[in-house]
Every structure is written in structure tokens, then in C-alpha cells.
Amino acid sequence: MDETKKAALDRRYARMALIWAENSYCERRKVGALVVKNNMIISDGYNGTPTGFENICEDENNVSKPYVLHAEANAITKLARSSNSSDGATLYVTASPCIECAKLIIQSGIKRVIYTEQYRLTDGVDLLKRAGIEVVYLDLSKEK
């Protein structure tokens, strides 16, 4: 695939992850993630509570509850319950991965991570790069 088409697809999937983030019940930050392989979405996720829990992410002090799952973790664990493999896939996520999600990404075999919002901590991105995963920050604020 030529680089122009690849860049256009990256922007398209990144915008789709932003839309998917709207499904989150979290108030402080809504994050969406898509796992794409062979130009097909094979998994998706957004940040929120585990299945069966109330859809309230923050406590009375507006602090995220400790059991809230990140969008990347939801997308990767959803793959574990399917017949799809994330080996060689690309993860599109609306916020740069934390270190815990970076470990899951590495172990899942994902080879590219595209994110659209930089978080103040860079340890997750640093770990992904150390593992040889292609990491790209895509600034969608300049999009139409």
C-alpha cells in the first residue's frame, strides 16, 4: 500500500476511534480504541467499568475508580474472546497508552500504535518504542 493511502486510512481509523470514545460513560476523559488488521476492524473498546458493573467511572471526588478499564485493554481482551488474532495489527487509540496498556499491546503482537492525544506521561509510548513497535502521534486538530 502506498504511503498516501496508508496515511489517509490512518486518519480515517483514528477519527473512527474518536467517535467510538463517545460510547464511554466516563466523565473525566472518554477514550476509544480500534484494532485493525488487513484493513478490517477486528476489535474495539472504550474506557469504562468491567461487564456487569455500574457504568460509573468516577467516585464522589471525581477520581477514576481503580477497576476502570482503559480502551486499549478492553479492545485487546475482547480479542481474547474471539477467533481473531491481533498479531501484526494496528491499534488506533485516542490517548497515548499508559505503561500498563503498553505491556498488553506488546504481548498481543500489535505492531503499530496510532494515537491522537498526548498524555503528560510518556512511559507507555517509550516502552512501546523500546519493544520495536511503530508509534505515531496523529494530530487530528488540523483536520477539516
Side-chain angles (χ1 to χ4, degrees), residues 1-53 55-58 62-144:
M1 177 183 322
D2 71 51
E3 288 302 312
T4 305
K5 184 174 182 179
K6 183 178 175 183
L9 281 172
D10 282 346
R11 287 191 305 279
R12 206 166 290 136
Y13 285 124
R15 287 194 309 268
M16 291 172 72
L18 282 168
I19 291 168
W20 200 245
E22 295 173 15
N23 289 318
S24 173
Y25 289 93
C26 297
E27 299 293 328
R28 291 179 55 224
R29 169 179 265 164
K30 295 178 183 295
V31 180
L34 297 175
V35 180
V36 176
K37 186 173 178 179
N38 300 324
N39 294 325
M40 292 185 301
I41 298 169
I42 60 170
S43 191
D44 55 65
Y46 50 87
N47 57 328
T49 57
T51 303
F53 282 63
N55 287 318
I56 301 169
C57 298
E58 293 85 13
N62 201 32
V63 174
S64 291
K65 294 179 179 177
Y67 51 84
V68 168
L69 290 157
H70 289 185
E72 307 94 313
N74 268 327
I76 291 168
T77 56
K78 186 185 277 190
L79 276 167
R81 297 177 69 167
S82 77
S83 60
N84 288 315
S85 166
S86 54
D87 201 33
T90 298
L91 173 72
Y92 296 88
V93 62
T94 60
S96 56
C98 71
I99 192 135
E100 293 301 318
C101 288
K103 291 188 278 186
L104 291 174
I105 292 164
I106 293 164
Q107 290 302 96
S108 72
I110 289 170
K111 294 300 177 203
R112 293 178 74 226
V113 175
I114 312 296
Y115 67 96
T116 60
E117 181 186 331
Q118 296 186 7
Y119 190 61
R120 60 184 167 80
L121 301 176
T122 63
D123 52 355
V125 169
D126 296 340
L127 186 65
L128 291 171
K129 289 178 180 176
R130 181 176 169 195
I133 293 171
E134 180 185 350
V135 182
V136 177
Y137 167 63
L138 196 58
D139 186 358
L140 294 181
S141 66
K142 297 172 184 162
E143 299 279 312
K144 294 179 187 177

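Contact annotation: the side chain of Tyr67 approaches that of Thr49 to within less than 4.5 Å [non-hydrogen atoms, C-beta and beyond]. The shortest side-chain heavy-atom distance between Val31 and Glu117 does not fall under the 4.5 Å cut-off.
Shown here for Ala71 and Gly32, the closest heavy-atom pair between the two residues is CB-C, 3.9 Å. Scanning both residues, Lys5 and Asp2, for their nearest heavy atoms gives N-OD1, 2.7 Å. Taking each heavy atom of Tyr92 and Ala14 in turn, the nearest pair found is CD2-N, 3.9 Å. Taking all atoms of both residues into account, the shortest heavy-atom contact from Ala75 to Ser43 is O-OG, 2.7 Å. Of all the heavy atoms in Ala33 and Val93, the pair that sits closest is CB-CG2, 4.1 Å. Closest non-hydrogen pair, Ala102 versus Pro97, comes out as N-CB, 4.4 Å.
To the nearest 0.5 Å, atoms CD1 (Ile133) and OG (Ser108) are separated by 7.0 Å. Once rounded to the nearest 0.5 Å, the distance linking CD of Gln107 with CD1 of Ile76 reads 10.0 Å. Atom CG in Leu69 sits 4.5 Å away from atom CG in Asn74 (nearest 0.5 Å). Put simply, CZ on Arg29 and NE2 on His70 are 9.0 Å apart, with the number rounded to the nearest 0.5 Å. Interatomic distance, Ile106 CD1 to Lys111 NZ, rounded to the nearest 0.5 Å: 9.5 Å.
With sequence neighbours left out, the side-chain hydrogen bond (donor to acceptor under 3.5 Å, both in side chains) criterion links Ser141 to Asp139. Here Tyr137 pairs with Tyr115 under the ring pair (Phe, Tyr, Trp, His ring centres under 6.0 Å) rule; sequence neighbours left out. By the side-chain contact (heavy atoms from CB on, under 4.5 Å) test, Ser82 is found to be paired with Leu79, Asn84, residues two or more places apart in sequence or in another chain being considered. Looking at residues two or more places apart in sequence or on another chain, you find a side-chain contact (heavy atoms from CB on, under 4.5 Å) between Arg11 and Ala7, Ala8, Arg15, Leu138, Leu140, Glu143. Taking the side-chain contact (heavy atoms from CB on, under 4.5 Å) definition, one finds that Lys6 meets it with Met1, Glu3, Asp10, Arg112, Glu134, sequence neighbours left out. Partners of Asn47 according to the side-chain hydrogen bond (donor to acceptor under 3.5 Å, both in side chains) rule, which considers only residues two or more places apart in sequence or in another chain, are Ser24. Legend: residues meeting side-chain hydrogen bond (donor to acceptor under 3.5 Å, both in side chains) with Glu27, ordered by chain and number and at least two apart, are absent. The side-chain contact (heavy atoms from CB on, under 4.5 Å) check on Pro66 picks up nothing, with sequence neighbours excluded.
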Exercise answer: donor-acceptor pairs, residues 34-42 side-chain atoms, under 3.5 Å, sequence neighbours excluded:
unit_1 : atom_1 : unit_2 : atom_2 : d
Lys37  : NZ     : Ser85  : O      : 3.1
Lys37  : NZ     : Asp87  : O      : 3.0

List the atom pairs, with distances to 0.1 Å, where a side-chain N or O of residues 119-130 and a protein N or O form a donor-acceptor pair under 3.5 Å, not counting sequence neighbours.
unit_1 : atom_1 : unit_2 : atom_2 : d
Thr122 : OG1    : Asp126 : OD2    : 3.1

Open item on the list: With side-chain contact (heavy atoms from CB on, under 4.5 Å) as the criterion, how do Arg28 and Glu58 come out once you've worked through the C-alpha distance, each side chain's angles and the decisive distance to 0.1 Å?
Closed with: CA-CA 8 Å; Arg28 291 179 55 224; Glu58 293 85 13; 3.7 Å; yes
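For the disulfide bond (SG atoms under 2.5 Å apart) condition, no pair includes a residue of residues 72-107, sequence neighbours left out. Listed by first and then second residue, the disulfide bond (SG atoms under 2.5 Å apart) pairs involving residues 15-48 are Cys26-Cys57 (not counting sequence neighbours).
The backbone N or O of Leu18 lies less than 3.5 Å from no partner atom in the side chain of Thr94, so there is not a single donor-acceptor pair.
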